[in-house]
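One structure is given here, and the rest of the page talks about it.
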Amino acid sequence: MISHDVTTRDGLFRFSIVLILLVTALVFAPVLNNDFTNWDDPTYLKENTLIRDLSLGSIKKIFTNHLDGRYHPLTLLTYAAEYHWFGLTPRVYHLDNLLLHLANVALVFALTMVMFREPTLSLITTILFAVHPLQAEPVAWIAGRKDVLSTFFYLMALLAWIGHIQKTTPRKWPYFLSFLSFILSILAKASAVTIPLVLFLLDYYFQRPVSRKTVAEKIPFLLGALGLGIITWLSVEATDAFPATGLFSIPDRLFLSLYAIFLYLRKLLFPVTISCFYPLPVKHGAWFPLPVYLASAAVVLGGWLLWRKRRGIDREVLLGVLFFLIMILPVLHFIKINDSIVYDRFSYLSSLGIFLVMANAYRYLMRNQPFGRLPIDIRKLTRALFPIYLLYLSLFSWQRAHVWRNSLTLWSDVIQQFPKSALAYHNRAHTWTKMGRHDLALKDASKAVGLVPYYVDSRLNRGRIYVITKAYDLALMDFSHAIRLAPENPEGYLERGNMLLYFHRYEPAIRDFTDSLRLNPRQGEAHNNRGNVYLLIGRDDLAMDDYTKALEIDPSYAAAYLNRAMGHLIRRETQPALQDVDAALRLDPLNVLARRQKAEILNQPSTF
């Protein structure tokens, strides 16, 4: 017979997890009113032709192509499904991110309960994971989908694996569910390659002996991680996704990585400065600022002490620390240098290890009086301070959800905290441009160029603003400067080609468009604009080839249909011209130029 106390306690903890989910939903509810930002959202959604439909052909392209050096096919598939049913409605994407986070919160509770069978430890770990402000970025950021989606399947893989090793069923389905979840997790984000190492870590925690069987059962996971790791590496190498890497020596990368670990730990324990971007520390001559070396030394010393005292430390603490390190190592600066010293989203799942350590510390303080001579009751003090700490975390997360309201609020927040961040001024300049505030856009773009004169993207951005404000000579100067800074960047040639076309310098324009296409053949705009030049100089055969290639790259390119229609008319091919104009109107029914062109075609004498 089950005692009344046990039943009451179980009901209380079930109520507690429901309450955690409700509080989490309330804390992050502001994201439902947020818009898209210009921080990777255009790359993943607005400019991504891979998600435009859900046909088998498109799904195949999603799984056989990378996106700017990133291979996240399952994440793109979720975007494709949302786009198919709801178009570009921001609230839908934000809602799905929030639902995935809530699902992850529930899985964290289930995982910790299965592992530790101690409700207090599970609840503390879960509430920290649920409302910590470092979690705001992957929840509030539409492009953060890869983190919350990959984490969902990652946690599923671990839960299933525990079912496998604890033999909760004589069947093999927990093992296969774990492997399937691992594959789905790694297809959502490549950092899930760490799962095989975490499986070994779970074996250590549950004291499974190392044997041929326990190693062999992980071989499929290791092969899957190796295969997806190679694909990801090739995707990164095919692009210039980490341009800062070559600027730092191997010792520099070591210190940056140790410093990043220190920052992650500090932000997880005492979150004060939270941002979507943290500029890399600037070297003065051959040296980083002193805090980089002091923080690195603190991390090394902490690791050494932990190793020395490992036999006297609770297994949950060692498990948490090792889990954090395994999860965070692939995103540090050892191999590739990120633009930011840390990213909040990189701690989304790795934070679980530190939250477990914090929950263990709470349990210890509630059970012991570690400072016996102090005239205060540590248990009462812990019981009083912990709710205040949770309230601080929750309010901070709620505030961060508002920061992600749009691009303007996001980058203004970065500038407020890091007023020398060229990237923040660059991205806010984009935002002002979209809002029609070209004076403020030019001011921010010039600030970015002034802070980092070799920042190519800022040169290009300011050049585009000069084009909008009709300062064409200044635009041409910025585009030429960008080419000198980065002769392998196709955008510089494309933009300068556009300016040369405006100045009727057709041959140099053709050379620039051709150079741009040599560097990146998959540019519909470069093909279209070179086609325009060819049409102007009477090479309609070459123009038609370029327009067709532009449409092969982007079948939704309405301007290319209209330009090809003009080419057909020059060649007196009325019927194909009408077909192209109709195609443009299907894409943009309100296109005035297309309507006028169709009327002119229909009023012409028949030539077919």
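Computed from a predicted structure; not experimentally measured. Numbers here simply count residues along the sequence, with the first being 1.
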Does [X] reach the side chain of [Y], with side-chain heavy atoms less than 4.5 Å apart?
{"X": "Thr37", "Y": "Trp404", "result": "yes"}
{"X": "Val198", "Y": "Trp161", "result": "no"}
{"X": "Tyr71", "Y": "Thr75", "result": "no"}
{"X": "Leu332", "Y": "Tyr264", "result": "yes"}
{"X": "Glu82", "Y": "Arg145", "result": "yes"}
{"X": "His333", "Y": "Ile341", "result": "yes"}
{"X": "His430", "Y": "Lys434", "result": "no"}
{"X": "His94", "Y": "Ile142", "result": "yes"}

If you round to the nearest 0.5 Å, how far is CZ of Arg266 from OG1 of Thr273?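 Spacing of OG1 (Thr273) from CZ (Arg266) equals 6.5 Å.
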
So, taking the atom named OG in Ser347 and the one named CZ in Phe324, what distance separates them when rounded to the nearest 0.5 Å?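 Reported to 0.5 Å precision, the distance equals 8.0 Å.
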
So, [X] side chain and [Y] main chain: donor-acceptor pair closer than 3.5 Å or not?
{"X": "Thr89", "Y": "Val92", "answer": "no"}
{"X": "Ser58", "Y": "Leu54", "answer": "no"}
{"X": "Arg310", "Y": "Trp307", "answer": "yes"}
{"X": "Tyr362", "Y": "Arg383", "answer": "no"}
{"X": "Ser150", "Y": "Asp147", "answer": "no"}
{"X": "Ser296", "Y": "Val292", "answer": "yes"}

Show the numbers, then the answer: is there a side-chain contact (heavy atoms from CB on, under 4.5 Å) between Asn104 and Phe129? CA-CA 9 Å; Asn104 291 336; Phe129 178 86; 4.0 Å; yes

Given the side-chain rings of [X] and [Y], with only the six-membered ring counted for Trp, is the space between their centroids under 6.0 Å?
{"X": "Phe182", "Y": "Tyr154", "value": "no"}
{"X": "Phe116", "Y": "Tyr205", "value": "yes"}
{"X": "Phe255", "Y": "Tyr259", "value": "no"}

Just checking, any donor-acceptor pair under 3.5 angstrom between side chains of Asn38 and Thr431?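 Result is yes, a qualifying pair exists.
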
No-hydrogen, no-angle side-chain donor-acceptor test under 3.5 Å, Asn33 and Arg91: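 Yes - a donor-acceptor pair under 3.5 Å links their side chains.
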
salt_bridge(Asp40, Lys146) N-O dist < 4.0 Å: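 Salt bridge: no.
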
I'd like to know whether NZ of Lys61 has more than 12 heavy-atom contacts from other residues, nucleotides or ligands below 6.0 angstrom.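 Atom NZ in Lys61 is not crowded, with 12 or fewer foreign heavy atoms closer than 6.0 Å.
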
Give a yes or no on whether Leu290 atom CG has more than 12 heavy-atom contacts from other residues, nucleotides or ligands under 6.0 Å away.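 Yes.
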
Students often mix this up, so state it plainly: with edges at 30° and 60°, are the rings of Phe346 and Tyr343 parallel, tilted or perpendicular?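 Phe346 and Tyr343: perpendicular rings.
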
Geometric class of the Tyr455/His426 ring pair [parallel <30°, tilted 30-60°, perpendicular >60°]: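 Ring orientation of His426 relative to Tyr455: tilted.
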
Assess the residue pair Leu155 and Leu352 against the criterion (side-chain contact (heavy atoms from CB on, under 4.5 Å)); give the C-alpha distance rounded to whole Å, side-chain angles, the decisive distance to 0.1 Å, and a yes or no. CA-CA 11 Å; Leu155 295 171; Leu352 183 57; 4.2 Å; yes

Does NZ or CZ of Arg315 come closer than 6.0 Å to the centre of the six-membered ring of Phe206, within 45° of the ring's axis?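 Cation-pi check for Arg315 and Phe206: fails.
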
The criterion is salt bridge (charged side-chain N to carboxylate O under 4.0 Å, His left out); which residues satisfy it with Asp344, sequence neighbours excluded?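 Scan of Asp344 (salt bridge (charged side-chain N to carboxylate O under 4.0 Å, His left out), adjacent residues dropped) gives none.
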
With Tyr348, the side-chain hydrogen bond (donor to acceptor under 3.5 Å, both in side chains) member among Gln135, Lys189, His101: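 Answer to the side-chain hydrogen bond (donor to acceptor under 3.5 Å, both in side chains) test with Tyr348 among Gln135, Lys189, His101: His101.
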
Audit row: Asp314, Arg363, side-chain contact (heavy atoms from CB on, under 4.5 Å) steps and yes/no: CA-CA 12 Å; Asp314 287 349; Arg363 180 181 63 176; 3.9 Å; yes

